[in-house]
Protein chains: 2
Amino acid sequence: MADDKNSRPARSAGHRALPKSEATRQKIIEAAAAVLAERGYAGTKLSDIGARAGMQAGSLYYHFDDRDDIVDQVLQRSIRGVYERVRGAVEALPPNSGELVCLQTAISEHLTVILESSDVSSAALRLLGQLPPESQRKYRNDQRTYGDYWHDIIVAGQASGSIRGDIDPVRLRLFIIGQLNWVSEWPKSAIDSRENVHREAMALIMGGVTGPVG
Amino acid sequence: MADDKNSRPARSAGHRALPKSEATRQKIIEAAAAVLAERGYAGTKLSDIGARAGMQAGSLYYHFDDRDDIVDQVLQRSIRGVYERVRGAVEALPPNSGELVCLQTAISEHLTVILESSDVSSAALRLLGQLPPESQRKYRNDQRTYGDYWHDIIVAGQASGSIRGDIDPVRLRLFIIGQLNWVSEWPKSAIDSRENVHREAMALIMGGVTGPVG
DNA sequence: GTCTATACGACGATAGAC
DNA sequence: GTCTATCGTCGTATAGAC
């Protein structure tokens, strides 16, 4: 649990929210996410990250320990970022909203994150599978936390009857999230407007291909 | 269009279907697919492929021109393989089967391929996105052929009213195929039996989370 | 903080023995 | 057909100037 970098900057007295070094870290992480998303884990070279962040490869070592440290930050932020966004959206619902509304909100927000940050947030999704197995373990907890959050919504919905009960809740979640995640692989030409993607995704997940009335 | 390897072996007179060299090619391609699926494009080393195929890295060059040639074969077989399987299944239906049945058959067969060859066939799906953009062009045709096949089914179904018409047919296809493709990313623990996955995927895609009767 | 230069290892690819 | 040995290249990481 040695973690000297995440609470940076630990300087004398906090005054500004984004000191220069932190802003640069941000820029590097975003650059790395972009490269990771399009080249994959092993295909991401420090020179690419540096180029996109406007500096030389060697300069990255001032801000990060090594290559994996950068990848690490991208993944952490992505996974936790999606979770916080979705949880925030669901918790913003009026109290006693039905489970179906919670599910719809989670779907909508998850999709929003994918559509708006097609780099930073969707990079993680495609990356987890290509990491060396040991590295994957580090993110299992964050992944499971997010999965559990969905799981609870789905199970509650099935108990109340608002969500069909003849599909295993784990697989139901995996089907839904998988369908949404794959949007990050779409050709850009298929996304004419985010509104359409949202509306149609919701319509399909809710009512299926035969439509809301069977 | 120089393509001297694909029609191998071009030996004196055909006698056996699988001469040794062709069998070895097969084994290498399968090994490569396995490594590609778990390490990604750039993460796949010739030494890994060789190890899994039971030979040294240098020996691979007897069967293939270079690294990209191997990746190429994996992708070609995967994309075309799924297409042929799905088309075969749909064409095996009794004539004048409804479009909805065609769609269901396509879904079922696509999922079957993913579940049974979680290496060879699913490797391609995740790979296309991480290839250097120039390389991607080579597979666009095969991809489009497969997409068009689904497209025709969906459009016909929408015309006849058996498939809801309020979702863009291109996105409807992408949603469905994406949901199925993502199954290759599932933790193995989520697949207790292929039958269950099939049944539930079909139920969800057909009727949505609210169930077949709304 | 960022640069250039360099040490070092890893991987793709080739050559030649068997 | 497959092996071992080797070369060349590229990418990570470090060192030290600015």
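Chain letters run A, B, ... following the sequence lines, proteins first and then strands; every chain starts at 1.
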Arg39(A) CZ - dG11(D) P separation (whole Å)
11 Å
Asp48(A) CG to dT12(D) P, in whole Å, measures 8 Å
Does a donor on one side chain sit under 3.5 Å from an acceptor on the other, for Tyr41(B) and Asp68(B)?
yes
Using whole Å, what does the distance between atom C1' of nucleotide dG1(D) and atom CD of Gln56(B) come to?
13 Å
Which nucleotide in dG12(C), dC3(D), dT2(C) has an atom nearest any side-chain atom of Met55(B)
dC3(D)
Minimum-distance nucleotide to Lys45(A) side chain [options: dT12(D), dT2(D), dC3(C)]:
dT12(D)
Can you tell me if Glu109(A) uses its side chain to pair, donor with acceptor, with the backbone of Arg87(A) under 3.5 Å?
no
With a cut-off of less than 4.0 Å, is there a side-chain N or O of Ser21(B) near OP1 or OP2 of dG1(D)?
yes
Going by atom types only, do Arg77(B) and Gln73(B) share a side-chain donor-acceptor pair under 3.5 Å?
no
Just by protein heavy atoms under 4.0 Å, how would nucleotides 13-18 of chain D read 5' to 3' in B, S and -?
BB----
Round to a whole Å and report the spacing from CZ of Phe64(B) to P of dG1(D).
13 Å
Checking Phe175(B) now: which residues fulfil ring pair (Phe, Tyr, Trp, His ring centres under 6.0 Å) with it, not counting sequence neighbours?
Trp186(A)
Give a yes/no answer on whether the side chain of Ser59(B) brings an N or O atom under 4.0 Å of OP1 or OP2 in dC3(D).
yes
Quick one: Ile49(B) CD1 to dG12(C) P, roughly how many Å, whole number?
8 Å
Report the nucleotide, chosen from dC3(D), dG1(C), dC11(C), that has the shortest atom-to-atom distance to any side-chain atom of Tyr62(A).
dG1(C)
If we ignore hydrogens and angles and just use 3.5 Å, is the side chain of Asp66(A) paired with the main-chain N or O of Asp69(A) as donor and acceptor?
yes
Are more than 12 heavy atoms, taken from residues, nucleotides or ligands other than Arg199(B), located less than 6.0 Å from that residue's CZ atom?
yes
Distance only, no hydrogens: is a donor on one side chain within 3.5 Å (strictly under) of an acceptor on the other, for Gln76(B) and Arg80(B)?
yes
Could you give the CD-to-P distance, from Glu22(A) to dG1(C), as a whole number of Å?
11 Å
